[in-house]
Trainee: 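Below: one structure in structure tokens.
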Amino acid sequence: MTRMLMILIIGAMIASILGILAIKPFDRGSNKSDAPPPVIQQPEPK
């Protein structure tokens with residue numbers, strides 16, 4: 001009983017880690033296209 005529970009918990013942890021690793025590249029790709037162009041820093045007026 002406890003061994004099954006441990007296996008389930010470890011499996012869920014591995015699945016969540018793999019899911020995060022699999023989703024991260026897609027998030028980066030979509031953010032690049034959606035993000036506005038970087039703001040050009042203007043020199044401060046003297």
Trainee: With sequence neighbours excluded, what pairs up with Ile9 under the side chain to side chain contact (heavy atoms under 4.5 Å, CB included) test?
Mentor: Leu5, Met13
Trainee: Considering only Ile, Leu, Val, Met, Phe, Trp and Tyr, and joining two whenever side-chain heavy atoms are under 4.5 Å apart, list the other residues clustered with Met1.
Mentor: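 Once heavy-atom contacts under 4.5 Å are chained together, Met1 still belongs with nothing else.
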Trainee: How is the hydrophobic cluster of Leu8 composed, in terms of its other members, when Ile, Leu, Val, Met, Phe, Trp and Tyr link through side-chain heavy atoms under 4.5 Å apart, directly or indirectly?
Mentor: none
